[in-house]
Amino acid sequence: MRQCRFGHHDPSGVPPSSDSFSLARIALPAFGPSLLFGLGEGAIYPVLALSARELGASSAQAGLIVALIGIGSMLANLPAAALTNRYGERRAMIGAAAFSLAALVLCLIARTPWTFGLGVLMVGLASSVFLLARQTYLIEAVPPHMRARAMSTLGGTMRVGLFAGPFMAAGFIHLLGLQGAYWAAILALLGAGILAFSVPDLEPRDRTAHRNAPPLSLADLARAHAGVLLTLGVATALVAAIRACRQIVIPLWADQIGLDATQTALIYGIMGGVDMLLFYPAGRIMDLHGRHWVALPCMLIMGASLIAIPWTAGFVGLLMVSMVLGVGNGIGSGIIMTIGADASPPGDRTRFLGLWRLITDLGGGGGPLLMSAVTAALSLASGITAIGALGFVAAWMFWHWLPRKTASP
């Protein structure tokens with residue numbers, strides 16, 4: 001059984017003991033900005049299509065405008081890595097927060113669908129900077145034996161923000177109409193910027209140690225790490241593809257079997273709640289027993305659940321399967337970031353993670369396209385089954401290439 005070779009590097013060179021470090025001590029600078037950014041994104045997600053339609057966009061155009069957040073994030077991965085590498089995590093986040101505020105103001109004053117779409121694209125561009133900056137910070141600040149817990153918590157705080165954002169927006173919408181969602185997001189992003197401004201910047205110990213090494217070009221960096229990018233990078237891209245599709249599958253299949261909007265929303269909400277409860281236990285298991293103890297069950301459970309969805313015929317059946325799907329996704333919280341962090345080279349982590357996120361974002365964008373193609377050619381059930389099968393492919397890839405050894409404390 002072949003495995004990719006990458007180490008769990010301790011930047012300080014001195015492995016801290018389990019008692020010498022606590023995530024709680026760095027919780028505010030590490031997770032606060034990402035939580036607030038997720039809250040802002042979550043506030044506007046439910047109203048993007050409605051806002052586009054109000055400005056005269058067709059249903060197809062509205063769908064494209066909603067997709068611009070993900071497209072913007074994908075396009076920004078490499079530039080975000082370059083900015084973060086050059087100016088540091090703190091200044092990169094401050095700039096991203098200011099850029100996001102300008103984007104939200106543009107959304108508020110837009111008078112055409114495509115002006116509005118530009119604002120949405122700008123939010124997506126900024127999101128990549130926030131996530132890369134926090135991931136780099138955590139790799140530097142957290143000892144290797146707690147890395148998975150840190151990464152799963154980072155992923156979990158983003159999910160909590162995205163989940164809670166619509167509830168925060170609802171109160172503003174009640175008072176101000178549809179534009180209230182954007183004002184709620186402005187408050188959240190303003191808070192993220194203020195928090196980023198107030199926290200101290202971390203001196204990147206890895207980069208200090210490797211400061212005299214000549215930097216590789218991006219192409220040389222990709223070639224130097226082609227092995228891990230083309231194996232585990234592709235496997236995590238399949239994870240992203242399955243996660244992107246699960247958000248589409250539930251409402252489409254619910255409509256197929258005749259469920260109403262209230263029932264669909266209830267299923268989706270319960271699935272999201274189950275998902276959010278599991279991020280910290282998942283990280284702890286990865287730290288104590290190894291990444292494969294989470295990566296394999298995550299993909300097997302999600303794959304089997306998706307394949308089971310076309311066999312459901314009513315509310316209870318779809319709810320049960322969706323809850324299992326939520327468990328599968330929840331235990332995989334942070335798995336993409338954790339494996340990427342483990343594989344990232346000392347001294348050039350941020351640019352490597354930009355490449356890593358580009359690959360996984362291509363998976364997140366390609367999954368729904370694959371499902372749509374299979375659905376158009378065959379049926380919705382066949383499209384869902386095809387995506388579920390990717391879970392078993394990803395599980396095999398993790399089994400084959402993911403190192404079994406955990407980070408040493």
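Each residue takes its place number in the sequence, starting with 1.
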| query | Any side-chain heavy atom of L353 within less than 4.5 Å of one from I139? | reply | yes
| Hey, are the side chains of R349 and F352 touching, using non-hydrogen atoms and a 4.5 Å cut-off? | no
Are [X] and [Y] close enough for a salt bridge, meaning some N to O gap below 4.0 Å?
{"X": "D287", "Y": "R284", "result": "no"}
{"X": "R147", "Y": "D342", "result": "yes"}
{"X": "R246", "Y": "D275", "result": "yes"}

In Å, rounded to the nearest 0.5 Å, how long is the span from [atom1] of [X] to [atom2] of [Y]?
{"X": "L75", "Y": "L68", "atom1": "CG", "atom2": "CG", "value": "9.5 Å"}
{"X": "L325", "Y": "I250", "atom1": "CG", "atom2": "CD1", "value": "5.5 Å"}
{"X": "Q179", "Y": "S51", "atom1": "CD", "atom2": "OG", "value": "8.0 Å"}
{"X": "T385", "Y": "M371", "atom1": "OG1", "atom2": "CE", "value": "11.0 Å"}

| field | side-chain hydrogen bond (donor to acceptor under 3.5 Å, both in side chains) against W183, all qualifying residues, sequence neighbours excluded | value | none
| task | With I309 as reference, evaluate L252, I387, V321, I257 under the side chain to side chain contact (heavy atoms under 4.5 Å, CB included) test and give the passing residue. | result | V321
| message | For the residue pair S333 / Y280, report whether a side-chain donor-acceptor contact shorter than 3.5 Å exists. | response | no
| task | Apply side chain to side chain contact (heavy atoms under 4.5 Å, CB included) to T112 and T115, showing your working. | result | CA-CA 5 Å; T112 67; T115 305; 2.7 Å; yes
